[in-house]
Amino acid sequence: MKTETQNNPLDVNMARRSFLRYAGAGVAGVGLLTAASCHKDKIVTNTGIDIGSGDFGILNFAYALEQLEAAFYVQVIASPYSGITVNEQSRLTDIRDHEVCHREFFKAALATNAIVGLTPDFSSINFSDRTSVLNAAKAFEDTGVTAYNGSGYLIQSSAYLGLAGKIVSVEARHASYIRDLISPGSFADSTVLDANAMDQPKTIAQVLPIANGFLKTKVSASNYGYVAS
Amino acid sequence: MNILGIIEEIDKADPEFQDRISPRRDAIKNITSFGSKVAIASLPFVFSTLFKKAYGQTAPSATVLATLNFALKLELLEAAFYNAGVASTSIQAGLSATEKSYISQISAHENAHVKFLQSVLSTNAISASSQGANGNYDFTGGFNTTTNTVTGTGPFTDVLTNPLTFLKVACAFEDTGVRAYKGAAPSLIGQQVYLTAALDIHSVEARHASAIRQLLFGRGASIKPWITGANDTGVPQVAANYAGEDNLVQGGVTVTNLPAVSGSTSTTAGQEAFDEPLDSTTVAGLVAIFGVR
């Protein structure tokens with residue numbers, strides 16, 4: 001088992017993580033663990049931007065996702081897919097403007113605490129093809145909803161929690177609309193809801209690998225159990 | 001059994017796990033210290049105790065109970081409303097196949113939300129019969145709150161015979177439900193399980209609201225899946241349900257000052273981009289005419 005190579009003694013969370021690793025080494029010494037425990041090798045060379053910790057960390061997480069969504073819809077409207085209807089173009093332009101507003105809002109709210117602007121990588125999306133664009137939009141919106149829902153409990157300020165709540169329901173409205181464009185009636189189908197008819201929250205560590213699939217600038221959340229590789 | 005692997009996995013899924021099992025991390029330190037001394041066979045029991053301590057059910061506070069019971073009241077109203085729509089032959093006859101499928105799905109969801117909240121609240125759940133008149137609502141919005149009786153003479157007289165009226169009332173219910181959950185969320189702050197559950201229902205209500213708005217648009221209404229300005233439904237009787245949705249100042253930031261693709265954010269985009277909360281007292285006042293008590 002490797003020891004922590006990025007240990008910053010001033011970083012409490014990092015110290016905590018390295019402590020666990022130390023504990024692992026100790027117990028491994030008595031032969032409890034198999035080699036499988038070493039599969040989480042945290043030595044990485046390109047961890048990208050880290051969202052940080054605390055409320056600013058969660059807001060930066062949201063800011064990263066909004067940057068991605070905004071960039072996506074800017075491209076969608078700049079090069080509309082073939083066969084786009086007047087109504088679709090109008091609604092998708094609305095969504096673009098909402099996402100840009102969300103992005104700029106987080107940038108303003110975070111001020112000097114904001115992470116840098118991210119460079120997207122949309123090479124997997126065919127912007128001239130309706131199905132490719134709408135499926136990507138669905139993934140972005142559904143992921144946005146589950147990301148806000150899953151990280152809400154980490155927010156300590158009720159003002160920030162309230163702001164996240166104001167945005168997540170708009171993302172859910174988008175998701176519903178996009179889903180019905182793809183397949184009418186799929187606005188809240190069993191692929192997103194559980195048996196209690198509730199959205200299924202995702203952790204930061206589950207969301208960022210999805211987001212990083214569309215980012216040249218990778219985003220990490222070392223305080224929340226995820227480091228990009 | 002790979003216990004440290006498990007800790008690492010839990011740590012990824014729940015970053016606060018270590019604080020949860022011991023705020024001062026004494027428990028973890030103890031594990032290390034006895035790692036070389038204690039019989040390996042006893043470790044799973046140590047972990048079992050830690051997990052119980054970390055995730056063990058504690059009694060919800062009075063605030064949590066009140067918040068969840070208020071959510072249950074709204075879900076009972078919505079479930080009863082959609083059940084009535086599904087049961088009404090004239091509503092069903094007047095809805096298109098697509099509309100019927102939307103309504104039947106939403107109906108199932110609202111009933112599932114009722115069941116979920118009832119199971120979470122258990123014996124603390126308010127009874128369905130405590131609402132309206134022995135559980136009977138007045139979907140016309142004519143509930144007499146003094147005598148607690150159904151008059152059937154509210155502003156939406158044809159709600160259970162005219163599909164368009166039914167959809168308009170559904171729209172107001174869903175948009176108001178979104179506002180209510182949003183307003184309740186801060187009272188659940190720090191309550192991971194309950195807050196996350198409320199957020200997971202909140203976003204489903206928003207999906208519903210968007211879907212119902214799409215249906216109204218399909219019937220010729222000038223309405224979008226998102227809320228433009230304040231009351232954008234064309235139904236003056238629900239103006240209070242949308243009051244404040246046109247807010248343009250978010251967390252001290254005037255959103256129309258923010259940059260847009262060209263120029264600055266338009267008033268329309270700034271209003272649409274943020275949904276607004278309502279506190280439970282205001283929501284209770286809005287739904288009393290249907291029999292929510």
Side-chain angles (χ1 to χ4, degrees), chain A residues 16 19-20 22-24 26-27 29-30 32-34 36-37 40 74 91 94 96-98 100-102 104-105 108-109 145 148-150 152-153 158-159 161-163 165-170 172-173 175-177 180 184-185 187-188 193 195-201 203 205 223-226, chain B residues 2-5 7-8 11-13 15 18 25 28 31-32 35-36 40 98 101-102 105 108-109 112-113 116 178 182 185-186 189 192 195-197 199-204 206-211 214 224-226 250-251 253 255 258-261 265-266 269-270 272-277:
Chain A
R16 185 172 75 180
F19 174 74
L20 251 198
Y22 173 75
V27 181
V30 301
L32 175 67
L33 301 176
T34 65
S37 67
K40 301 290 184 239
V74 164
R91 296 287 184 266
D94 278 4
R96 175 197 68 178
D97 292 345
H98 303 164
V100 168
C101 183
H102 293 163
E104 295 302 321
F105 168 74
V145 169
Y148 277 100
N149 284 355
Y153 83 94
S158 65
L161 177 60
L163 284 162
K166 288 173 178 222
I167 292 173
V168 65
S169 56
V170 175
R173 290 174 188 274
S176 173
Y177 170 71
D180 284 341
F187 54 92
L193 302 196
N196 293 317
M198 291 155 69
D199 267 306
Q200 299 168 68
T203 63
N223 295 305
Y224 302 95
Y226 173 71
Chain B
N2 179 353
I3 288 172
L4 285 150
I7 291 191
E8 194 166 30
D11 194 44
K12 280 195 329 200
Q18 290 166 51
R25 295 185 287 277
I28 291 282
I31 288 165
T32 334
S36 57
I40 286 163
T98 301
S101 119
Y102 278 46
Q105 278 194 67
H109 296 163
H113 293 165
F116 172 78
V178 172
K182 203 186 313 295
I189 203 160
Q192 180 182 353
L195 174 61
T196 306
L199 291 174
D200 291 337
I201 298 178
H202 170 243
S203 54
V204 173
R207 288 176 186 271
H208 292 168
S210 171
Q214 293 166 50
K224 296 175 178 181
W226 25 91
Q250 304 296 349
V253 176
V255 295
L258 296 171
V261 173
T265 301
S266 71
E272 292 172 351
F274 295 84
D275 281 339
E276 298 297 322

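Residue numbering restarts at 1 for every chain, and letters A, B, ... go by the order of the sequence lines.
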Smallest separation among heavy atoms of B:L199 and A:Y148, with atom names: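 For B:L199 and A:Y148, the tightest heavy-atom pair comes out as CD1-O, 4.4 Å.
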Counting heavy-atom pairs under 4.5 Å to chain A, which of [options] comes out on top?
options                : answer
B:T196, B:V178, B:I189 : B:I189
B:P259, B:A108, B:S101 : B:P259
B:S203, B:P186, B:A185 : B:S203

Side chain, backbone, both or neither of A:A159 within contact of chain B (heavy atoms, under 4.5 Å):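 Neither part.
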Structural part of A:R96 lying under 4.5 Å from a heavy atom of chain B: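 For A:R96, the contact with chain B is made by the side chain alone.
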Atom group of B:H113 that falls short of 4.5 Å from chain A, counting heavy atoms: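 Its backbone and side chain both get close to chain A.
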Proximal component of B:Q250, with respect to chain A [non-hydrogen, under 4.5 Å]: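 Answer is both: backbone and side chain atoms of B:Q250 are under 4.5 Å from chain A.
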B:D200/A:N196 under side chain to side chain contact (heavy atoms under 4.5 Å, CB included): CA gap, chis, key distance, verdict: CA-CA 10 Å; B:D200 291 337; A:N196 293 317; over 6 Å; no
A:D94: partners by side-chain contact (heavy atoms from CB on, under 4.5 Å), with sequence neighbours left out: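 Expected list: A:H98, B:K224, B:W226, B:E272.
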Name the member of [options] that forms the most heavy-atom pairs with chain B at distances under 4.5 Å.
options                : value
A:G162, A:A188, A:S158 : A:A188
A:V168, A:L163, A:V74  : A:L163
A:S169, A:G165, A:A172 : A:S169

Heavy-atom side-chain proximity of A:F105 to B:V253 below 4.5 angstrom: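 Answer yes - side chains close enough.
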Under the salt bridge (Lys or Arg N to Asp or Glu O under 4.0 Å) test, residues paired with A:D97 that sit two or more places apart: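 For A:D97 there are no salt bridge (Lys or Arg N to Asp or Glu O under 4.0 Å) partners, ignoring immediate neighbours.
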B:S210 backbone acceptor or donor facing B:Q214 side chain under 3.5 Å: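 At least one qualifying donor-acceptor pair exists.
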B:D275 side chain to A:K166 backbone, donor-acceptor under 3.5 Å: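 No, the answer is negative, given that no donor and acceptor are paired below the 3.5 Å cut-off.
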